[in-house]
Amino acid sequence: MAPRTKAQFAQIRQNRKEEIAAAAMQLFANHGFERTSISEIAKTAGVSKGLMYNYFKNKDLLVKEIVLEGLHQIMESLDFNFERELDRDTFIKLIDKDFEHLKNNADLWKLYTAVLTQPRVMELVKDELFTIVAPFMESVSRYFAKKGVKNPQAYGYFIGALLDGIGLDYMFDSEHYPLEEIREIIIEKLL
């Protein structure tokens, strides 16, 4: 058998890191961040506790990386340069992409939300979280400023909160949730 290449070792390392992150996400969601130990994560991921520390220095950095990576993926799924001007058609496309991502990744969203909404986790990621979503908020605020609304920044926060709330509600009852009808209401009433 030929020795492994650097690329193969890198892929093995990446796969192992993803397995650890998936195990941690599940445990954090089911038992809470504070009550989940590194030992439990290692056992669930099928690695030694010592090996865990080769991938993540501590539990705080592990959860922070998981949450921020998830948020980066969500923003990337929108596939939009937020420095560009946001017009009505593009705004509708963003909402469509957000809803599509929600539908296609409902289980991931459930885990992600269960972990992110824990106070200790939110404290660990809040600064970076707001930095990541700031371009979206600024773009939406500029859109509403162009429409001449009185407080465009408040509209930006409102749209962000609205999309977050829709995501939460959808996760609780995705089978019956009227996502398409809500999409139409957003377009008709807000855009």
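Heavy-atom basis, side chains included; hydrogens, waters and symmetry copies ignored.
Ion pair Glu65/Lys17 flagged as a salt bridge, since at least one NZ, NE, NH1 or NH2 atom sits closer than 4.0 Å to an Asp/Glu carboxylate oxygen. Taking the charged nitrogens against the carboxylate oxygens, Arg120 and Glu123 have no contact shorter than 4.0 Å, which rules out a salt bridge.
Between Gly156 and Ser141 the shortest heavy-atom distance is CA-OG, 4.0 Å. Taking each heavy atom of Leu163 and Phe136 in turn, the nearest pair found is CD1-CZ, 4.0 Å. Taking each heavy atom of Leu191 and Arg88 in turn, the nearest pair found is O-NE, 3.5 Å. Listed here is the closest heavy atom pair of Met52 and Ala42: CG-CB, 3.4 Å. Asn58 and Tyr53 make their closest contact through CA-CE2, 4.5 Å (heavy atoms, listed as atom of the first residue, atom of the second, distance).
Between Leu94 and Leu86, the closest side-chain pair of non-hydrogen atoms falls below 4.5 Å. Using a 4.5 Å heavy-atom cutoff, the side chains of Leu51 and Asn54 are in contact. Within the 4.5 Å cutoff, side-chain heavy atoms of Ile166 are placed close to those of Leu179. Residues Phe130 and Met137 form no side-chain contact, since every pair of their non-hydrogen atoms from C-beta on lies 4.5 Å or further apart.
For Thr36, the side-chain contact (heavy atoms from CB on, under 4.5 Å) partners two or more places apart in sequence, or in a different chain, are Leu27, Phe28, His31, Glu40, Ile41. By the ring-ring contact (aromatic ring centres under 6.0 Å, His included) test, Phe144 pairs with Tyr155, sequence neighbours left out.
His101 and Asp98 are not linked by any side-chain donor-acceptor pair at a separation below 3.5 angstrom, with hydrogens and angles left out of the test. Side-chain contact of Glu19 with Asn15: a donor-acceptor pair under 3.5 Å is absent, judged by distance alone.
Stacking of Arg13 on the aromatic ring of Tyr55 is recorded, both the 6.0 Å distance cut-off and the 45° axial limit being met. Stacking of Lys93 on the aromatic ring of Phe80 is not recorded, the 6.0 Å distance cut-off and the 45° axial limit not both being met.
Distance check: Glu181 CD to Ile186 CD1 gives 12.0 Å after rounding to the nearest 0.5 Å.
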